[in-house]
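Structure, as structure tokens:
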Amino acid sequence: MTQPDTTGTTIRRSSHFVPGANERLLTKSLATAADSLVLDLEDAVTPHNKDSARATVAGWLADVDFGAKERVVRINPLDSPWCAADVEATMVAPPDAYLVPKVNNAAEVAHLDGMIARWELEHGHRPGGVALLVLGTETPQGLLNIGELARHDRVDALTWGAEDLSAAMGSKANRDSSGAYLPVFEYARVMCLVGATAWGKQPLDTVYVDFRDGEGLATECATSAAMGYTGKITIHPDQIDIVNTAFTPSADEFADAKELLEAFVEAEAAGLMAFAHKGQMVDVPHLTRARKIVQTAELLERRA
């Protein structure tokens, strides 16, 4: 089966969590440089506050000016008593996307798609206009099935989580004494990247929980970007600029990529798709990387 060549137009370097009933933190978050705000109805809300938080978030979607920021709602898990109500209430004035936790398999993604499609039709919204960001490794089943979770057309990004997975498996920790992920969690990180890019969707790296460790976050972001991730979840405002910097092409990267694209135009005119450039052989994979760098930089420039 041919893999989709999805370039995408959503810039999602930093996806920042906002507790779903905290007006003060929402106001602060609107003033940050976060690309996405994730309005959290799951872990940030106690069971007895689910109804009131849901109403608050639905009101934010209807009334608050988010500017250029993507509006994402993290709903409760599909098998919880709150998920259907979360979708119903927030589809009146719909978000740009839902972050879907604790997904086990592709059938659950399809089921949620049907729920959303029903309310899109009910309220006259554009079919397929609300995207899904799928949390693919919060359960062992989700990790086992991660290769299919991003296949659905409504899915725009795949991300992962170490905390819930470690709790589900009874792990005492998810990192070793040096701060590196233990093997099973590094596997989850790798497979999220593979599972996303296999279907042309964005790979979105998980949160760095020690929000006071900016140096550690920067190091992890550098590794993440080198692997192929294009964004990361944040939980504290101090993390946002660090994450944005890591996933923004530098001026040198942009200039080099544009130069390489120009070199490919000349080479192709001469009948070549593999040639020497600045002391190394380049071919189609280098062209693909250069196009992505230029596209990201130009999208950010247009949005500024």
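Fair warning: this is a prediction, and the values are worked out from it, not measured in the lab. We count residues from 1, following the sequence as given.
Just one residue in the list Leu37, Leu26, Leu39 forms a side chain to side chain contact (heavy atoms under 4.5 Å, CB included) with Val64, and that residue is Leu26. Of the residues listed (Glu186, Glu163, Glu220), the one engaging Arg175 in a salt bridge (Lys or Arg N to Asp or Glu O under 4.0 Å) is Glu220, and it is the only one.
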Using the rule given for side chain to side chain contact (heavy atoms under 4.5 Å, CB included), can you reason through Glu259 versus His277, listing the C-alpha separation, both sets of side-chain angles and the distance that settles it, and then say yes or no? CA-CA 10 Å; Glu259 183 179 345; His277 179 74; 4.1 Å; yes
Begin from the C-alpha positions of Leu158 and Lys201 and carry the test side chain to side chain contact (heavy atoms under 4.5 Å, CB included) through to its verdict. CA-CA 7 Å; Leu158 185 65; Lys201 310 301 174 65; 5.6 Å; no
Does Lys232 form a side chain to side chain contact (heavy atoms under 4.5 Å, CB included) with Ser224? I'd like the steps, not just the answer. CA-CA 9 Å; Lys232 193 169 181 65; Ser224 176; 5.5 Å; no
Do Thr56 and Glu23 pass the side chain to side chain contact (heavy atoms under 4.5 Å, CB included) test, and can you show the C-alpha distance, the side-chain angles, and the key distance before you say yes or no? CA-CA 9 Å; Thr56 297; Glu23 297 275 359; 4.0 Å; yes
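Follow the hydrophobic side-chain contacts under 4.5 Å out from Val72 and you never reach Val57; the two are in separate clusters. The hydrophobic clustering, which links ILVMFWY residues whose side-chain heavy atoms are closer than 4.5 Å, places Leu193 and Ile233 apart. Val100 and Val18 end up in the same hydrophobic cluster when Ile, Leu, Val, Met, Phe, Trp and Tyr side chains are linked at under 4.5 Å. A chain of hydrophobic side-chain contacts below 4.5 Å, direct or via other Ile, Leu, Val, Met, Phe, Trp or Tyr residues, connects Met227 to Leu182. Following chains of ILVMFWY side-chain contacts shorter than 4.5 Å, one can reach Val207 starting from Leu99, so the two form part of one hydrophobic cluster.
Side-chain contact between Val194 and Pro203 is absent, with no heavy atoms from C-beta onward closer than 4.5 Å. Using a 4.5 Å heavy-atom cutoff, the side chains of Tyr187 and Leu143 are in contact. Contact annotation: the side chain of Leu112 approaches that of Met115 to within less than 4.5 Å [non-hydrogen atoms, C-beta and beyond]. Counting only heavy atoms from C-beta outward, the side chains of Met169 and Pro140 approach each other to under 4.5 Å. Between Val155 and Arg151, every side-chain heavy-atom pair lies at or beyond the 4.5 Å cut-off. Contact annotation: the side chain of Thr206 never approaches that of Arg189 to less than 4.5 Å [non-hydrogen atoms, C-beta and beyond]. Contact check for Thr296 versus Leu300: side-chain heavy atoms found under the 4.5 Å cut-off. The side-chain heavy atoms of Met91 and Glu120, taken from C-beta on, include a pair separated by under 4.5 Å.
By the 6.0 Å contact criterion, CD on Gln280 is enclosed, its count of non-hydrogen atoms from other residues, nucleotides or ligands being greater than 12. Counting non-hydrogen atoms of neighbouring residues, nucleotides and ligands closer than 6.0 angstrom, the NE2 atom of His111 reaches no more than 12 such neighbours.
When atom types are taken as modelled, the side chain of His152 and the backbone of Arg154 share a donor-acceptor pair closer than 3.5 angstrom. The closest donor-acceptor contact from the side chain of His125 to the backbone of Val92 lies under 3.5 Å. Side-chain N or O atoms of Asn145 include one that pairs as donor or acceptor with a backbone N or O of Gln141 at under 3.5 Å. A distance-only check finds a donor-acceptor pair linking the side chain of Arg71 to the backbone of Pro94 [under 3.5 Å].
Between Ala93 and Ala62 the shortest heavy-atom distance is CB-CA, 3.8 Å. Smallest separation of non-hydrogen atoms from Ala33 and Asp241: CB-OD1, 3.9 Å. Summarising the geometry of Pro95 relative to Thr90, their closest heavy-atom pair is CD-O, 3.4 Å, with the distance given to 0.1 Å. Heavy-atom minimum distance, Cys83 versus Pro77: CB-O, 3.2 Å. For the residue pair Ala196 and Ala150, the shortest heavy atom distance occurs at CA-CB, 4.3 Å. Residue Pro19 comes nearest to Trp60 through the heavy atom pair O-CH2, 3.6 Å, listed as atom of the first residue, atom of the second, then distance.
For Arg12 and Asp35, the salt-bridge test fails: no basic side-chain N is under 4.0 Å from an acidic carboxylate O.
If you check the side chains of Ser178 and Asp176, you find a donor sitting under 3.5 Å from an acceptor. Side chain to side chain, Asn105 and Glu148 fail the donor-acceptor criterion of an N or O pair below 3.5 Å.
Using bins of under 30°, 30° to 60° and over 60° for the plane-to-plane angle, the ring pair Tyr181/Trp160 lands in the perpendicular bin.
In this structure, the ring of Tyr98 has its center no less than 6.0 angstrom from the ring center of Trp119.
The OG1 atom of Thr159 sits 6.5 Å away from the CG atom of Asp205 when rounded to the nearest 0.5 Å. In this structure, the separation between OG1 on Thr32 and NE2 on His16 is 6.0 Å, given to the nearest 0.5 Å. Annotation: the span from Ser15 atom OG to Glu70 atom CD amounts to 6.5 Å, rounded to 0.5 Å. Going from atom CZ of Phe247 over to atom OG of Ser14 covers 10.0 Å, rounded to the nearest 0.5 Å. Rounding to the nearest 0.5 angstrom, the gap separating the CZ atom in Phe17 from the CG atom in Asp43 is 8.0 Å. For the atom pair CZ (Arg74) and CG (Asp40), the distance works out to 4.0 Å, reported to the nearest 0.5 Å.
Clustering of Ile, Leu, Val, Met, Phe, Trp and Tyr by side-chain heavy atoms under 4.5 Å joins Val282 with Phe254, Leu260, Leu261, Phe264, Met273, Phe275, Val284, Leu287, Val294.
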Let me have the donor-acceptor pairs involving side chains of residues 128-138, under 3.5 Å, with sequence neighbours excluded, atom names and distances please.
| unit_1 | atom_1 | unit_2 | atom_2 | d |
| --- | --- | --- | --- | --- |
| Thr137 | OG1 | Gly161 | N | 3.0 |
| Thr137 | OG1 | Gly161 | O | 3.2 |
| Glu138 | OE1 | Lys102 | N | 2.8 |

